[in-house]
Amino acid sequence: PVDAPIPTAPCTRVDARVRRAWTALAGERRGVVVGLSGGADSTALLSALAALRDAGALDTLVAAHLDHGLRGAEAVRDRDAAAALAARLG
């Protein structure tokens with residue numbers, strides 16, 4: 001429901017927008033799988049969704065990263081950074 005309360009954990013403007021969108025779209029609490037490339041946008045999205053989960057507005061959060069094996073060492077660094085971020089956010 002659009003009028004559902006937005007979790008009150010500290011957030012950035014991006015985080016606040018994600019919170020409002022989630023509240024409007026989710027209705028019932030549910031889980032989310034979010035693609036995590038390791039870039040700024042997917043990192044911000046995962047952080048915002050983790051804040052929602054921590055505030056109780058989201059039941060399950062899964063970060064998914066896919067290494068196609070095409071970019072060598074750079075892809076390995078991306079994979080390791082994505083795994084570290086996901087572990088840090090729980």
Side-chain angles (χ1 to χ4, degrees):
V2 175
D3 60 346
I6 296 171
T8 57
C11 63
T12 65
R13 280 195 330 209
V14 170
D15 193 22
R17 288 179 183 166
V18 169
R19 289 167 188 271
R20 283 192 297 274
W22 177 258
T23 300
L25 294 173
E28 295 181 23
R29 291 168 29 158
R30 57 186 73 179
V32 171
V33 177
V34 62
L36 178 60
S37 67
D41 54 349
S42 65
T43 297
L45 179 59
L46 179 61
S47 297
L49 291 171
L52 279 172
R53 182 208 51 215
D54 295 346
L58 185 61
D59 293 322
T60 305
L61 177 60
V62 175
H65 178 83
L66 177 61
D67 178 358
H68 294 280
L70 301 174
R71 295 180 20 244
E74 184 180 5
V76 171
R77 285 190 299 273
D78 289 346
R79 181 199 64 209
D80 292 347
L85 176 62
R88 192 167 60 245
L89 293 175

Grab the two heavy atoms, one from His65 and one from Arg79, that are nearest each other, plus how far apart they are. NE2-CA, 3.5 Å
Do you know which two heavy atoms are closest between Val33 and Ala64, and how far apart they sit? CG1-CB, 4.0 Å
Smallest separation among heavy atoms of Ser37 and Asp78, with atom names: O-CB, 4.2 Å
Measuring from Glu74:CD to Asp67:CG, what's the distance to the nearest 0.5 Å? 10.5 Å
Heavy-atom distance under 4.5 Å between the side chains of Leu45 and Leu36, does that happen here? no
Shortest non-hydrogen contact between Leu61 and Val34, atoms and distance: CD1-CG1, 4.1 Å
With a 4.5 Å limit on heavy-atom distance, are the side chains of Ser47 and Leu89 in contact? yes
